[in-house]
> 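Right, I'll just put the structure down here and ask away after.
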Amino acid sequence: MTATPEQHDVVDVLTADHHAVRHLFEGYRATTDPDQRRQLVDRMTVEVVRHSVAEESYLYPTVRKALPNGDRIADEEIEELTEAERILSDLDAVDPRDRRFDPLVRDLMDVMSMHIRGEEDLVFPELRERLTPEERMMLGLRVGEATAAARGVPPVSPEGPGPGRTLADRVRERLTGRTR
């Protein structure tokens, strides 16, 4: 779902990620089938964690250096992504037929919408202003490479999640070698 990093700068690559997440949210809103909703939330989990890891590894170190108040901005964005992953971990333990499922998904949508707005309205315009096109292209390449490792992450492992290991934990571990 990520744009080809060789052809796009980091803003384009990450904006494509945002569109992919929004598309999953639209799919969730369009169905009431519990099995489809579980599948969509599992896909959201992979996309959000993959996006988080790529941003933590490459985008936010650049934000810290290149933007005024970069430390504060990066910390706020990371906090939103951490909250999204917490909600996804909670969702992992709840059946889609459970009355708690939809409110958790709405909370996730709210947190991710705030994250997306913050990046698209503040961070990305600043990056376009402060980084050269070549720097944005190189950063886009790194983000694209980081996210490629998540392709093919199975939502459910054959041996199950393991004690205390959610799908978000498994995706993060596959990408980084560690959980949050």
Side-chain angles (χ1 to χ4, degrees), residues 1-4 12-60 75-121 123-124 143-180:
M1 288 192 198
T2 300
T4 307
D12 296 329
V13 172
L14 294 173
T15 299
D17 283 355
H18 294 169
H19 289 300
V21 170
R22 285 184 182 124
H23 181 74
L24 291 170
F25 288 159
E26 290 167 11
Y28 182 89
R29 287 186 197 103
T31 186
T32 57
D33 178 79
D35 293 331
Q36 286 182 337
R37 283 187 158 193
R38 168 52 67 197
Q39 290 175 352
L40 287 163
V41 168
D42 288 350
R43 287 180 51 209
M44 288 175 206
T45 301
V46 172
E47 288 298 313
V48 169
V49 174
R50 179 188 58 71
H51 181 81
S52 296
V53 168
E55 288 190 339
E56 290 165 10
S57 298
Y58 298 104
L59 178 68
Y60 297 131
D75 290 344
E76 288 172 3
E77 296 296 325
I78 290 169
E79 186 176 316
E80 289 169 357
L81 291 171
T82 300
E83 177 64 9
E85 285 190 44
R86 186 200 58 75
I87 295 167
L88 287 164
S89 292
D90 290 347
L91 279 163
D92 203 47
V94 178
D95 186 280
R97 293 164 190 83
D98 189 300
R99 63 181 173 78
R100 297 172 294 162
F101 198 80
D102 283 337
L104 282 169
V105 173
R106 282 193 300 275
D107 289 348
L108 174 66
M109 290 177 182
D110 290 345
V111 169
M112 287 305 299
S113 293
M114 187 170 24
H115 170 74
I116 289 168
R117 274 193 313 272
E119 285 189 343
E120 291 183 1
D121 294 347
V123 177
F124 294 169
V143 167
E145 289 170 352
T147 62
R151 291 192 179 93
V153 173
V156 179
S157 64
E159 65 277 356
R165 292 182 69 232
T166 65
L167 176 56
D169 294 334
R170 293 192 313 273
V171 174
R172 180 168 283 281
E173 186 175 315
R174 172 139 179 204
L175 293 171
T176 66
R178 63 188 190 287
T179 57
R180 197 182 280 270

> side-chain contact (heavy atoms from CB on, under 4.5 Å) between Leu108 and Val41: does it pass, once the steps are laid out?
CA-CA 10 Å; Leu108 174 66; Val41 168; 5.7 Å; no
> Would you check if Phe101 and Leu91 make a side-chain contact, meaning some heavy-atom pair closer than 4.5 Å?
yes
> Using 0.5 Å steps for rounding, measure from the NE2 atom of His18 to the CE atom of Met112.
6.0 Å
> Quick one: CD on Glu56 to NE2 on His51, what's the gap to the nearest 0.5 Å?
10.0 Å
> Atom OH in Tyr58, atom CD in Glu145: separation rounded to 0.5 Å?
7.0 Å
> How close do Ala84 and Val48 get, heavy atom to heavy atom, and via which atoms?
CB-CG1, 4.2 Å
> In Å, rounded to the nearest 0.5 Å, how long is the span from CD of Gln36 to CZ of Arg38?
13.5 Å
> Within the 4.5 Å heavy-atom criterion, are Val46 and Asp42 side-chain neighbours or not?
no
> With rounding to the nearest 0.5 angstrom, report the CE to CE distance, Met44 to Met109.
5.0 Å
> For Thr166 and Asp92, which heavy atoms make the closest approach, and how far apart are they?
CA-OD2, 3.2 Å
> If we only count heavy atoms from C-beta on, is the Leu59 to Glu77 side-chain gap below 4.5 Å?
no
> Carefully, step by step, assess Leu24 and Glu47 under the rule side-chain contact (heavy atoms from CB on, under 4.5 Å).
CA-CA 9 Å; Leu24 291 170; Glu47 288 298 313; 3.9 Å; yes
> For residues 27-36, which residue pairs pass the salt bridge (Lys or Arg N to Asp or Glu O under 4.0 Å) check, not counting sequence neighbours?
Asp35-Arg97
> Is Leu88 close to Leu167 at the side-chain level, that is, under 4.5 Å between some pair of heavy atoms?
no
> Can you check side chain to side chain donor-acceptor pair (under 3.5 Å) on His115 and Glu55, steps first, answer last?
CA-CA 12 Å; His115 170 74; Glu55 288 190 339; 3.3 Å; yes
> Does Glu120 CD have over 12 foreign heavy atoms under 6.0 Å away?
yes
> First locate atom NE2 of His23, then atom CZ of Arg43, and finally report the distance between them rounded to the nearest 0.5 Å.
6.5 Å
> Scan for salt bridge (Lys or Arg N to Asp or Glu O under 4.0 Å) pairs involving residues 99-108, sequence neighbours excluded, and state none if there are none.
Arg37-Asp102, Asp98-Arg100
> Please test His19 against Thr15 for side-chain contact (heavy atoms from CB on, under 4.5 Å), starting from the C-alpha separation and ending with a verdict.
CA-CA 6 Å; His19 289 300; Thr15 299; 3.5 Å; yes
> Show your working on side-chain contact (heavy atoms from CB on, under 4.5 Å) between Tyr60 and Leu81 and close with a plain yes or no.
CA-CA 12 Å; Tyr60 297 131; Leu81 291 171; 3.9 Å; yes
